[in-house]
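Below is one structure, written out as structure tokens, with a few remarks after it.
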Amino acid sequence: MTMTLLEQLRHICGPANVLTHEDPATDLSPWEQDWRKRVTGRALAVVRPGDTAQVVAVVKTCAAHQTPIVPQGGNTGLVVGGVPDSSGTQIVLSMTRMNAVRAIDPANLTITVEAGCVLQNLQVAADKAGFLFPLSLGAEGSCTIGGNLGTNAGGTQVVRYGNTRELCLGLEVVTAQGEIWHGLSGLRKDNTGYDLRNLMIGSEGTLGIITAATMKLFPQPAAQLTAWAAVPSMEAAVQLLGLAHQRLGPGLTGFEVMGQFALSLVDKHFPQLRVPLWQGTPWCVLLENSDSESESHARGQFESLLEAALEQGCVSDAVVAENLTQAKSLWHIRESITMAQAQEGLNIKHDISIPVSRIPAFVAETDALLAQNVPGVRMVDFGHLGDGNLHYNVQAPEGADGSVFLRDFEDRVNTWVFDQVQRFGGSISAEHGVGEQKVHKLPIYKDPTALAMMRAVKQALDPHKLLNPGRVLG
Ligand code: FAD
Ligand code: MLT
Ligand code: ZN
């Protein structure tokens, strides 16, 4: 007697790890709805493998049944890349049971973890071993390292440590054919052909399923100080960034910019957070200085940087956090912008990068363009200025119906903003990825030869479009 697909999947992962709509008591919405609640798909099943062998068996079984697989980690992605479509024919491969720390190699400065390991748990494991794992983002309490690798996530420490790609030394991957690529080398140098690791990273689950990764560890800094500065313009913020690079060198581990309206939303929706110095200034900047010597050395450096900035007029006021609790509160304000914006209502998010030197002109021109075309538009601008990455977000005018605003303006706003990004030599996705959200925009803004090479790679590695179809390349 031949088993059905679901019977086979239950046989592989255990009945408790194959969730379906057949059981009316099971709520699949945590896996079917994206974080922004913009899309709700319908899964044939949510399958939760416990080890790499089970992933292999699931992939082979799905391939035999021509059933597409949507890999999913913490489902915190912001571009609709990790949820199923509405057909009811795709399985969600939820990686969260595969969350073990496999090994720490202190001499090699590496940690090897399974893909479903929550980022915060990875940070804690590194910390307990006396090291720093620097990847840090607002969703770190629920996103997974597999998802971080899948999207090549950025976050708030990229200015010093790079994005997820730069933190990865090796991968274990299950291919669309159900083979295992054993690539957990932990080597810093390996020139034996094409760089498959970097091909997999940022491929958003369309080329292979990452089951484990070897990541870099760093020495913990002796001190980490945070400052909050009011700046009179975006030009001044860029000038301050230059000064900070000059004065702090590799000590500069964070440089985030936040617009006044973005901070006003945090103040409105989370008044208990007490946002400093925001009302009389168009922009605030959050800076972090990590020092390998001592706290007093770090404080001295920070104070002299801020004095110079005040003298040069690129800062109008500033505070340096007195202790870790204060520093955490400042970071918490920054990390709360996303949630405050969501609470304010439906909005259009952008995740763009532009050469830092051109950001002031981009913002001035694009703000004017949008104000002219969308009367009353409210800009929620913030992001990783140190990396040239802005979340250049657009909120509906005060009192407007968010869904009507999206219906009438979303596509046009995207086109206005992305055309500007292209004119300024930027990218339409700096860190969140393409997912389903930007899939129809990629052919417009990506170099056609690059796009053709991407299609050839997809065809070679996943000819039957088993892995996350409809994402990245459509
Ligand atoms: P998911 O959302 O589950 O999946 C994301 C993509 O990766 C999907 O395409 C999925 O198919 C693929 N994928 C997941 N696991 C695997 C795997 N094991 N193998 C292959 N493919 C896989 N992003 C940033 O870059 N910087 C930020 O600062 C940032 N801040 C955020 C703050 C908040 C409050 C929120 C909600 C999100 C933020 N994000 C940020 C976006 C998101 O957290 C990241 O994209 C994160 O890397 C996604 O991880 P995840 O485990 O939730 O992945
Ligand atoms: C951030 O930097 O906070 C994130 O990328 C999330 C967002 O864009 O809202
Ligand atoms: Zn970001």
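Start at 1 and go down the list; that is how both ligands and their atoms are numbered. The analysis underlying the following values was restricted to heavy atoms, covering all of them including side chains, and did not include hydrogens, waters or symmetry mates. The model shown is predicted, which means the values in this text are computed figures rather than measured ones.
For the pair Gly208 and ligand 1, a heavy-atom separation below 4.0 Å is found. Residue-ligand proximity: His384 is placed with a non-hydrogen atom under 4.0 Å from ligand 1. Ligand 1 has Gln72 within reach: a non-hydrogen atom of the residue lies less than 4.0 Å from it.
Of the protein's non-hydrogen atoms, the one nearest atom 5 (O) of ligand 2 is His432 NE2, 2.7 Å. Protein heavy atom nearest atom 19 (N) of ligand 1, with residue, atom name and distance: Ile210 N, 3.0 Å.
For atom 29 (C) of ligand 1, the nearest non-hydrogen atom from the set Leu119, Leu78, Leu137, Leu207 belongs to Leu137. For atom 2 (O) of ligand 2, the nearest non-hydrogen atom from the set Glu335, Arg334, Glu431 belongs to Arg334.
Under a 4.0 Å criterion applied to the non-hydrogen atoms of Asn148, ligand 1 contributes the atoms 46 (C), 47 (O), 49 (O). Those atoms of ligand 2 with a heavy atom of His384 less than 4.0 angstrom away are 2 (O). Atoms of ligand 2 found under 4.0 Å from any heavy atom of His391 (numbered from 1 in listed order, with element): 1 (C), 2 (O), 4 (C), 5 (O), 8 (O). Those atoms of ligand 1 that come under 4.0 Å of a heavy atom in Gly155, given as number and element, are 26 (N), 27 (C), 28 (O). Close contacts between ligand 1 and Pro71 involve ligand atoms 10 (C), 11 (O), 21 (N), 22 (C) [criterion: under 4.0 Å to a heavy atom].
Put simply, the side chain of Val174 reaches to within 4.5 Å of the side chain of Thr52, judged on heavy atoms. By the 4.5 Å heavy-atom criterion applied to side chains, Phe133 and Leu217 are counted as neighbours. Under the 4.5 Å side-chain criterion, counting only non-hydrogen atoms from C-beta, Leu286 is in contact with Leu330.
With a 4.0 Å heavy-atom cut-off, ligand 1 is reached by the side chain of Asn468 but not by its N, CA, C or O. Only the side chain of His432 comes within 4.0 Å of ligand 1, judged by heavy-atom distances.
Not a single donor-acceptor pair under 3.5 Å links the side chain of Arg48 to the backbone N or O of Arg97.
Shown are the protein N/O/S atoms under 2.8 Å from the Zn ion (ligand 3), given by residue and atom: His384 NE2, His391 NE2, Glu431 OE2.
Between Lys349 and ligand 2, a contact under 3.5 Å exists for at least one N or O pair. Looking at ligand 2, you won't find any N or O of Asn393 less than 3.5 Å from one of its N or O atoms.
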